[in-house]
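To keep things clear, I will list the structure first and then write my remarks on it.
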2 protein chains.
Amino acid sequence: MAYRETPRMRERKAATRQRILAVTHERVATGGFRNASVAGIAGDAGVAIGSVYRHFDGKSELFAELFRNATQREVQRVAEALEQPGSRQQALQEALRVFAQRALRAPNLAWALIAEPVDPLVDEERLRYREAYARHFQSALEQGIANGEFAPQNPRLASAALVGAIAESLVGPLSPAAADLSQDAASQLIEDIVQFCLHAVQPLGG
Amino acid sequence: MAYRETPRMRERKAATRQRILAVTHERVATGGFRNASVAGIAGDAGVAIGSVYRHFDGKSELFAELFRNATQREVQRVAEALEQPGSRQQALQEALRVFAQRALRAPNLAWALIAEPVDPLVDEERLRYREAYARHFQSALEQGIANGEFAPQNPRLASAALVGAIAESLVGPLSPAAADLSQDAASQLIEDIVQFCLHAVQPLGG
DNA sequence: GAATAAATTGAATCATTATTCACTCTTTAG
DNA sequence: CTAAAGAGTGAATAATGATTCAATTTATTC
């Protein structure tokens, strides 16, 4: 026998794998999954096309893993905001702000994660992603409804509607490109959105 | 000279053109623009592939025209509801209901019109479509804000958020497939959505 | 019926991308 | 240094789907 995988090689391979994921992220964040061809990714990562297939079983698997990584981070941030003890209104407000801020900072990425059609493997991940959001928002809404901080309503639907309202406001073609917004205008937009969403779930009494 | 276009032929051509548009609509309503290949369209319409190109300059133009037709109808319905005189709340409620009902009845079409990425020509039309919606919703909101029926808010943003909330609630993967809903469940879903949206724009006092 | 012009056809072509695989290059162990 | 085994390569292949166009058919006029 002669060749055996060493820690050195294992690390190097892991680094390449990471690099491929990183440049894919870059491409998706710039122009969506459509913009992420295998040839382009390989080029950006400085490896041959075939090498991408050495690290991933195929484009779908690469995309699915990327999606999982990216969304995990997003959901994590929102979940943290919602897990703050105390007023459900304040927790929801903060979570919405986090969601909106992150989406506004990377609108193409947000769109790719929320809505862009890609392929069945990614769709599966997306389902999990949405369910994760729904779980968090929904439970905060349920708690708030129970303690009177929010109006009685269908929490599952409201959670979807909140996500939709934010997504459309931020990434829909109606909104000016995020890049063109001044810092102030961006903050104002986020505050408007958060206000709209909070208002939507609050009891009519205030 | 010998051949000259006669009314008979003109009609026949127009009929074929219409048939192509109709089967394209059918396909888009079933599985989105992705499902509408030129070969499939030609087959459905009972003409050769090449004939599609006799009636349309290309797939993009065919799609753009189809999109224009389909959205015109949608916007028209919503606009009619909003143009009812009297309470802005009631008008908005009715318009939201119409929007939601139509989207729920043809969720794939709704998704194709609202969000599916297709090509730049369609994107242009989509921009107009959204602007048309925005104009109508926005002006109703502005009137309602002015007369105190709605809470003071950014009407442009609220209009986008309303569209997003409905779209996500209805066509997002969280919602069960529309086909599986009983008549009652569908009505309930629509009422919940309308309630959410109305609540979002109402003054806190009620 | 013959001549003409337009309409129709669909196989061939072009374009785009994912995927493969025979080959070369590197790394490792002895 | 050499042999073995894995890693890396990228031209070739495969799959999909839009578009073209030479040949054919059909409609019209005289």
Side-chain angles (χ1 to χ4, degrees), chain A residues 1-21 23-24 27-28 31-67 116-123, chain B residues 1-21 23-24 27-28 30-67 116-122:
Chain A
M1 76 249 65
Y3 182 91
R4 198 92 316 208
E5 187 184 61
T6 59
R8 186 174 114 78
M9 274 311 273
R10 188 160 30 248
E11 263 170 48
R12 205 211 286 186
K13 281 202 294 180
T16 301
R17 197 171 194 283
Q18 269 317 111
R19 193 147 31 87
I20 291 171
L21 280 169
V23 303
T24 304
R27 277 187 170 252
V28 171
F33 286 99
R34 263 206 295 198
N35 187 43
S37 68
V38 176
I41 290 167
D44 290 356
V47 299
I49 291 174
S51 298
V52 174
Y53 288 87
R54 202 154 278 282
H55 292 283
F56 299 91
D57 279 349
K59 200 181 140 145
S60 299
E61 278 75 11
L62 166 57
F63 279 1
E65 180 164 342
L66 168 73
F67 191 97
E116 184 179 5
V118 190
D119 81 48
L121 262 188
V122 168
D123 288 348
Chain B
M1 76 248 64
Y3 182 92
R4 196 91 319 206
E5 187 184 60
T6 58
R8 187 175 114 78
M9 275 310 274
R10 188 162 29 251
E11 264 171 47
R12 207 212 282 189
K13 282 202 294 180
T16 301
R17 198 172 193 282
Q18 269 318 109
R19 193 147 31 88
I20 291 171
L21 279 168
V23 303
T24 304
R27 277 187 170 253
V28 171
T30 305
F33 287 99
R34 263 205 297 197
N35 187 45
S37 68
V38 176
I41 290 166
D44 289 357
V47 298
I49 291 175
S51 298
V52 174
Y53 288 87
R54 190 154 288 276
H55 293 283
F56 300 92
D57 279 350
K59 200 180 137 143
S60 299
E61 277 76 10
L62 166 57
F63 279 2
E65 180 163 343
L66 167 74
F67 191 97
E116 184 178 6
V118 191
D119 81 48
L121 262 189
V122 169

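The figures here come from the full heavy-atom set of this structure, side chains too, leaving out hydrogens, waters and symmetry mates. Below, chain A is the first sequence line, B the second, and so on; all start at residue 1.
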Which value, rounded to the nearest 0.5 Å, describes the distance between A:K13 atom NZ and A:M9 atom CE?
-> 7.0 Å
D:dA27 P sits how many Å from B:K13 NZ, rounded?
-> 13 Å
Minimum-distance nucleotide (side-chain atoms of A:M9 versus C:dT28, D:dT9, D:dT28) = C:dT28
Atom pair CZ (A:R19) and NE2 (A:H55), whose distance is rounded to the nearest 0.5 Å = 8.0 Å
Expected string for nucleotides 12-26 of chain C under the B/S/- scheme (protein heavy atoms, under 4.0 Å, primed atoms plus P, OP1, OP2 as sugar-phosphate) is ------SBB------
Derivation of the salt bridge (charged side-chain N to carboxylate O under 4.0 Å, His left out) call for B:R12 and B:E5 | CA-CA 11 Å; B:R12 207 212 282 189; B:E5 187 184 60; over 6 Å; no
In whole angstroms, the gap separating C1' of D:dT19 from CZ of B:F56 amounts to 16 Å
Assign B:S51 to base, sugar-phosphate, or nothing according to its heavy-atom contacts below 4.0 angstrom with the strands shown.
-> base
Between CD of B:E11 and P of C:dA7 the distance, given in whole Å, is 15 Å
Sequence-distant partners of A:Y53, side-chain contact (heavy atoms from CB on, under 4.5 Å), two or more places apart = A:V38, A:I49
State whether A:H55 places a side-chain N or O below 4.0 Å from either non-bridging phosphate oxygen (OP1 or OP2) of D:dA7.
-> no
If every non-hydrogen atom of A:L62 is compared with every non-hydrogen atom of A:L21, which pair is closest and at what distance?
-> CD1-CD2, 3.7 Å
CD of B:E5 versus C1' of D:dT28: gap in Å, rounded?
-> 12 Å
Minimum-distance pair of heavy atoms, taken over all atoms of A:R27 and A:D44 = NE-OD2, 2.7 Å
